[in-house]
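Below: one structure, written as structure tokens.
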There are 2 protein chains.
Amino acid sequence: MSKEISLQALQRLPLYLQYLKALPADKDIYISAKVLSSALGLGEIQVRKDLAAVSDGGKPKVGYCAAELIKDIENFLGYDNVNDAVLVGTGKLGKALLSYDGFKAYGLNIVAAFDSDPGKCGIDESGKQIFHISKMENLCERMKIEIGIITVPAASAQEVCDILVKSGIRAVWNFAPAHISVPAGVLLKNENMAASLAVLSKHLSEKRVCENNSNSI
Amino acid sequence: MSKEISLQALQRLPLYLQYLKALPADKDIYISAKVLSSALGLGEIQVRKDLAAVSDGGKPKVGYCAAELIKDIENFLGYDNVNDAVLVGTGKLGKALLSYDGFKAYGLNIVAAFDSDPGKCGIDESGKQIFHISKMENLCERMKIEIGIITVPAASAQEVCDILVKSGIRAVWNFAPAHISVPAGVLLKNENMAASLAVLSKHLSEKRVCENNSNSI
DNA sequence: TAGATTGTTAATCGATTAACAATC
DNA sequence: TAGATTGTTAATCGATTAACAATC
């Protein structure tokens, strides 16, 4: 376990996790790479390779123990440690993420939000506190927050990111449609809806039929 | 123009577009691949190759005409044709997307939403109509809708997708944390937040410093 | 044992980068 | 012309897939 893993493979792990967790929670459920791959629309060898990177391995002729796999993947991804996060920008999208309670399955816990508009500060519908942005640095440092979620307009994204970095954030999840840059050691993950829309729009403008299933992206 | 383009390159186009649109709207503004690449944190050659795929090209020693590039990229991506879409599932995320007005810059126009809960039907805060899911097929067919946005819980994602496909949808944008499958010719784009979280969580659990800027994903 | 399934090493494929030629 | 910049062909790199060996 814990061999080389590609960025692509890393991003497929939640897919396996989601499938495995939907299975009955029985110690003795085994599943083969073949079943997994066809259920998820992936290659069978790819699945074996992905799982080999995170798990002690399956048993020939039997498959992988589902319960073990879940444990191994969660452990590999660090979902067992809770990752505290702050969110900046409480517009529509920010509020939606703030009240989404599905993140805790991934170890993500949004502890507070920030906004530059004093009128938006207070308790959110989600029950979470929204502070003025001026309080962010202090709070992040005190609570040793490591994840910052950016849901501000593009124009202020870099500025907000800089404050987050100064506050000790080590990973930034950016939803603003803007390119931002971070210093070495800080991870930047862009949630790039514009990129997705480009793919959709291009497909429609082509009006051509491509090959099956390879058209899932 | 319109040579081969890789999926990656296609998804970088909105980045160029966003940068170029932030420039003064002057017919005579030229920009070099060098400036573009360093502003966006990309490789210079990569930028030239990307632009070559969509544009008639730049002028040696001068660069690319910004206004031309914008036109070429928008044309390539089909942002000039309006793409009508429907959204299914009016939970927090669905509502956030419904009222987000930034999509029209990408040619995306959400004309209506659907939900299986009759209590949620009516006029949304966004001013858009929410219909019962039973009306979806008929409405999509009549209006020749080609894009379906799925923001329902994972458990009903496949079912909703099947109805969309039956209704003539040709591109599906899936926000549900579920694997769904579509027939040939229909494009499926997953907006995979779980995948992003995997990258963030793994980075933090590693507690190691990686190389600069290559850590933007 | 035979057969099914895992795991690994080698081959292929696609995307990025480097080297260089073309052009204003 | 010389120099800056674009554009293309070749080399590299990384990820996926294929072939095959190992194991229960």
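Here is how names work: the chains are called A, B, and so on, in the same order as the sequence lines, proteins then strands, and each is numbered from 1. These numbers come from a predicted model, not from an experiment.
- In this structure, A/I5 places its CD1 atom 16 Å from P of D/dG14, rounding to the nearest Å.
- Atom OH of A/Y64 and atom P of D/dC24 are 14 Å apart (whole Å).
- The separation between B/L42 atom CG and C/dT17 atom C1' is 13 Å, rounded to whole Å.
- Look at CG on A/L69: it is 14 Å from C1' on C/dG7, rounded to the nearest Å.
- Between the side chains of B/Q158 and B/D162, a donor-acceptor pair is found at a separation under 3.5 Å.
- If you measure from atom CG of A/L7 to atom P of D/dC13, you get 19 Å, rounded to the nearest angstrom.
- Residue-level contact check: A/K49 touches the bases, meaning some heavy atom is under 4.0 Å from a base atom.
- A/E141 and A/S167 share no side-chain donor-acceptor pair at under 3.5 Å.
- Separating the CZ atom of A/R48 from the P atom of D/dA15 is a distance of 20 Å, rounded to the nearest angstrom.
- With rounding to whole Å, B/K59 atom NZ is found 13 Å from C/dT23 atom C1'.
- When all heavy atoms are compared, the tightest approach of B/L98 to B/I110 is CD1-CG2, 3.6 Å.
- Nucleic acid contact for B/A9: none, since no nucleic acid atom lies under 4.0 Å from a heavy atom of the residue.
- A/R12 has no side-chain polar atom (N or O) that falls below the 4.0 Å cut-off from OP1 or OP2 of D/dA15.
- Looking at B/L36 and B/Y19, their side chains come closer than 4.5 Å, going by heavy atoms from C-beta outward.
- Contact of A/K61 with D/dT23 (side chain to base): no donor-acceptor pair of N or O atoms is detected under 3.5 Å.
- Remark: C1' of C/dT5 and CD1 of A/I45 are 12 Å apart, rounded to the nearest angstrom.
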